[in-house]
Amino acid sequence: MHITIVPIHEANDDIIFFEEKSCTEFGKVQLIPKGEELIVYIGIGQDSLTLENIRFLGGISRKSLSNAKEDAAVSAEFSLIMNRAENPELGQVISSFMEGWYLADYQFSSYKRAPKLNQLTMRWEEESLREYDQAARIRANAVNLARDLCNEPANKLTPTTYAERLKQVFRETDVTVQVIDGDELVSNEFAGIHTVAKGSSEPAKLVVLTLDRDACKEKIALVGKGVTFDSGGTNVKIGKDIGEMKMDMGGSAAVAGAMKLLADSNTAANVVAILPLVENLADGNAFLPSDVIRYRNGLHVEVGNTDAEGRLILADGILYAQLLGAKKIVDIATLTGSIGSALGLKAAGVFSNAETDLWHYKQLGDQTGDYVWPMPVYDDYLHYLKSDCGDVNNMSSSPYGGSITAALFLKQFVEKGIKWVHIDMANTVRPWREQGYYVPGASGFGVRLLFEMVRSELAPSQI
Ligand code: BES
Ligand code: ZN
Ligand code: ZN
C-alpha cells in the first residue's frame, strides 16, 4: 500500500474533517482509501503558517497513521504548505514537517507489553530532500532522548543509572563524560549536592559532559537540575504534587539532549554541561530545615526549606562552571511551582543578568517551539532571602514572586563579568496539551532552545 499526505484547504466541501484531540485550529485530518492508495488529507485552515505550525502538521499526519500497515511507503506533497509558509524555504519547511513527524513517532513503551508503534518510512523523490529529513531526525532524536529520560520512573532512573546511561548515549560521540561521586564530592566542595543527597540511599553523581570542538571559542556552560525524585525532603510534599516529581530532572535531560544535538549536528562549539544528579528524600541522615551549608565561594546558605533543593545543587553547578572557565552560563531547571502561576503552562520563564538579551531568547523559543517568556530578577527582593544565621536563605519570606526569588538566589553565585541565563521549566516539562506532535508523557522541553542558544552565542551578531 502507498500512503500520500495531501495538504488541502480546510474549506474544501468534499471532505469532512475529523476533530481529533491532536488536531488544531489550523490543521485537521481525514483518511480516504482510494484503491491501493491511502490519502491523508490535511485540512489547513490558516493563511500563514509558522515553523511550529508546520511541525504540528507533521505531527498530526504521523498520529493519524498509527494504525497503518508497517510496510507502507509514505510520501507527501508540500506545495500548499510552501504557499502558506511564513518563510517559504523548502529545506526549512520539509525539516519542520519531518521534525513534527518524528516527535509524534514517539512512545515511551519500555515497561508495556502492548505492541510498539508501527514503523513507517517516508519516501523522497529527490535525493536532495533526504538531507532535510535527516536533519529533522537528528533534532527529534535529541528531544526524544530528553523525553525518554524524563519518562523513566524514579526506581529505574537513579543518579547512578542516569550517569551510566549518559556514558552509553555519548559513547560514540565527541562528547566526553566524567562522573564525580563519593568522597570526591566532599573533597571538591560540592556542598549543595552532597547535602541534598544525604537523605537518600542513592548516592549523588555529578556528570560533566564536555564537547570541545573549538578551543578558540569562549566556553559556554549548560547546567541542568537533575533531581531524579523530589519528595520535598523533611518539608515533605503533599497530595498530587509529589507524583510529578520523577520529572524533576527535566533540566538535566534538556541539557543532555542539547549536547546530543550539538554532537550529532557537528556544531563547532566549546561547551561543558554540568549535571548534578540527586534524589531528595528524608531518611535519618537527611539535611534539615535550619541547617547551614558552606559553598566553595565562602557563601553560607541557611536551609529555610528542604523542598527548595534545586537551587542548592544548581549553585554548585554554577560555581563549578566558573571554576572551569565558562564566561557564559545557562542553567535550566524544574525549579518552582510559582512559574506556572505566573505564566501558565505554555511558556517557561527566562531570566538573566543581561536583560536586553531576553527578547532574543523569547524569539528563539518561538522559532523552536520551546516557548519562553522574559522575567525580571529584582535585586531588591534580596530582602526576602535574608538569613538570621547565614548569608542567604534558600527560602523566600514572601509568598509572592517565588520564581524571581529562586532566580535571585542563583544569581548570588554568579561572579561579576559572567553572563548568566536561567530557565525555569517546572511548568513545561509536560506538554500543556497533547496537540500536534506532543504525546503522553514528557515534552522534551528545552533541547532545541538550548541548542539554538549555544549556536547564537557562537554567532552573537544575530542578537
Ligand atoms: N521541584 C520543585 C518545583 C516543581 C513544582 C517542579 C511543581 C514541577 C512542578 C521544587 O524543588 C520545589 O519544590 N520548589 C518549591 C520551592 C519552595 C519550597 C520555596 C516550590 O515551588 O513550591
Ligand atoms: Zn523541591
Ligand atoms: Zn525540585
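Both counts, for ligands and for their atoms, begin at 1 and track the order of listing.
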Listed by chain and number, what are the salt bridge (Lys or Arg N to Asp or Glu O under 4.0 Å) partners of E99, not counting sequence neighbours? R55, R139, R448
By number and element, which atoms of ligand 1 are closer than 4.0 Å to a non-hydrogen atom of A426? 6 (C), 8 (C)
Ring-face cation contact, Y371 with K346, 6.0 Å cut, 45° max: yes
Short list, please: which atoms of ligand 1 are under 4.0 Å from a heavy atom of E309? 11 (O)
Apply side chain to side chain donor-acceptor pair (under 3.5 Å) to the pair T228 and T158, showing each step before the final yes or no. CA-CA 6 Å; T228 56; T158 64; over 6 Å; no
Among all protein heavy atoms in this structure, tell me which lies nearest to atom 14 (N) of ligand 1, with the distance rounded to 0.1 Å. L335 O, 3.4 Å
Residues at least two apart in sequence or cross-chain that pass ring-ring contact (aromatic ring centres under 6.0 Å, His included) with Y106, listed by chain then number, are none
I'd like to check which ligand 1 atoms, numbered from 1 as shown, lie under 4.0 Å from a non-hydrogen atom of N305. 18 (C)
Take atom CG in N67; do more than 12 heavy atoms of anything else shown fall under 6.0 Å from it? no
Please tell me whether N270 and D214 have a donor and an acceptor in their side chains that are separated by less than 3.5 angstrom. no
For ligand 1, is K225 a contact, meaning one of its heavy atoms is under 4.0 Å away? yes
Subset of ligand 1 atoms that lie under 4.0 Å from at least one heavy atom of T334: 1 (N), 2 (C), 3 (C), 6 (C)
Closest to atom 7 (C) of ligand 1 among M245, K237, E244 (heavy-atom distance): M245
Which of the ligand 1 atoms, numbered from 1, are nearer than 4.0 Å to a heavy atom of R311: 16 (C), 19 (C)
So, Y162 versus E202: side-chain donor-acceptor pair below 3.5 Å or not? no
Can you tell me the protein heavy atom closest to atom 2 (C) of ligand 1 and the distance? D230 OD2, 3.6 Å
Is any protein N, O or S atom closer than 2.8 Å to the Zn ion (ligand 3), and if so, which? K225 NZ, D230 OD2, D248 OD2, E309 OE2
At a 4.0 Å cut-off, with the gap strictly under it, does some heavy atom of M395 reach an atom of ligand 1? yes
Go through the side-chain N and O atoms of N53 and Q46 and say whether any donor and acceptor fall under 3.5 Å apart. yes
Assess the side chains of Y361 and D366: does a donor N or O sit below 3.5 Å from an acceptor N or O? no
Picking from V278, T195, L206, D316, what satisfies side-chain contact (heavy atoms from CB on, under 4.5 Å) with L185? L206
Hydrogens and angles aside, do T336 and S403 bring a side-chain donor and acceptor to less than 3.5 Å of each other? yes
Which atoms from ligand 1 have a heavy atom of D248 less than 4.0 Å away? 1 (N)
Identify, for atom 12 (C) of ligand 1, the protein heavy atom at the shortest distance, and state residue, atom and that distance. D307 O, 3.1 Å
Which of the atoms in ligand 1, numbered in the order shown and given with their element, are less than 4.0 Å from a heavy-atom of G337? 5 (C), 20 (C), 21 (O)
Contacts of K205 meeting salt bridge (Lys or Arg N to Asp or Glu O under 4.0 Å) (sequence neighbours excluded), chain-then-number -> D181
